[in-house]
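Quick notes on the structure that follows.
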Amino acid sequence: MLTQIICLFFKILGPNELAEHHPLLNTADLHGGVFVPADAVADQSAICKVLSNLAEAGGAKYVTDCKFENLLTENGRVAAVDTSLGIINCQFFVNCAGMVSQKLQ
Ligand SMILES: Cc1cc2nc3c(=O)[nH]c(=O)nc-3n(C[C@H](O)[C@H](O)[C@H](O)COP(=O)(O)OP(=O)(O)OC[C@H]3O[C@@H](n4cnc5c(N)ncnc54)[C@H](O)[C@@H]3O)c2cc1C
């Protein structure tokens with residue numbers, strides 16, 4: 001039976017079931033695993049390239065080797081970002097620093 005969390009369907013498997021799914025898996029020290037039938041293998045660099053090409057075609061500009069230093073606010077809104085390459089004024093600011101997002105303020 002599949003369990004669902006938000007949009008993700010999965011099944012918790014014991015070591016024997018894991019071995020049935022993947023005979024080369026060493027299950028000797030495993031208690032179990034999570035099987036997600038909708039999982040797939042993709043070429044992540046190709047996906048990133050396509051997404052970045054589409055973003056650039058839509059007007060996005062990428063700046064690399066640039067470290068975020070500080071947010072500059074005006075009237076409670078982000079007005080600019082202080083970076084290792086200087087200050088960048090912005091109409092909109094999206095924080096997409098992954099796991100360290102909460103530390104960037
Ligand atoms: C080992 C591992 C395996 C994974 N495997 C999968 C998988 O198979 N399938 C899947 O769907 N997901 C997988 N994930 C999860 C997936 O990688 C993340 O969910 C996804 O990368 C998050 O994307 P993001 O853009 O939010 O953050 P990130 O990809 O973390 O991007 C954040 C960016 O912010 C930059 N940054 C941080 N601080 C600063 C700063 N001060 N100044 C400038 N830049 C900064 C970082 O350099 C980074 O480039 C895996 C994660 C890990 C760790």
Side-chain angles (χ1 to χ4, degrees):
M1 189 185 87
L2 290 177
T3 306
Q4 182 184 10
I5 292 182
I6 313 175
C7 299
L8 186 67
F9 288 93
F10 67 95
K11 187 176 180 188
I12 301 210
L13 304 180
N16 293 339
E17 291 171 298
L18 287 175
E20 284 170 24
H21 273 276
H22 205 306
L24 297 179
L25 197 63
N26 177 7
T27 57
D29 57 353
L30 295 180
H31 292 285
V34 177
F35 173 57
V36 183
D39 255 4
V41 177
D43 180 340
Q44 70 271 29
S45 64
I47 292 172
C48 288
K49 193 70 192 153
V50 168
L51 291 175
S52 68
N53 285 349
L54 288 171
E56 282 179 322
K61 180 181 171 193
Y62 285 86
V63 179
T64 56
D65 293 323
C66 176
K67 185 169 186 263
F68 169 94
E69 307 281 1
N70 203 6
L71 283 182
L72 306 174
T73 57
E74 272 177 23
N75 302 322
R77 293 176 59 97
V78 175
V81 183
D82 189 7
T83 76
S84 54
L85 297 180
I87 290 179
I88 300 170
N89 295 314
C90 52
Q91 186 181 2
F92 301 103
F93 169 76
V94 180
N95 181 347
C96 49
M99 287 196 293
V100 296
S101 292
Q102 289 182 339
K103 292 183 182 164
L104 305 187
Q105 291 175 18

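Atoms within each ligand, like the ligands themselves, are counted from 1 in listed order.
Proximity of a side-chain donor or acceptor of Glu17 to a complementary backbone N or O of Gly14 within less than 3.5 Å is detected. Proximity of a side-chain donor or acceptor of Asn70 to a complementary backbone N or O of Asp82 within less than 3.5 Å is not detected.
Distance check: Phe93 CZ to Leu72 CG gives 10.5 Å after rounding to the nearest 0.5 Å. Taking CD of Glu69 as the reference point, atom CD1 of Ile87 lies at 10.5 Å (rounded to 0.5 Å).
No continuous path of hydrophobic side-chain contacts links Ile88 to Leu85 [ILVMFWY only; heavy atoms under 4.5 Å].
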Close N/O pairs between ligand 1 and protein, under 3.5 Å:
unit_1: ligand 1; atom_1: 42 (N); unit_2: Phe68; atom_2: N; d: 2.8

Name each donor-acceptor pair under 3.5 Å that joins a side chain in residues 26-41 to protein atoms two or more places apart or in another chain, with its distance.
unit_1: Asn26; atom_1: OD1; unit_2: Ala28; atom_2: N; d: 3.0

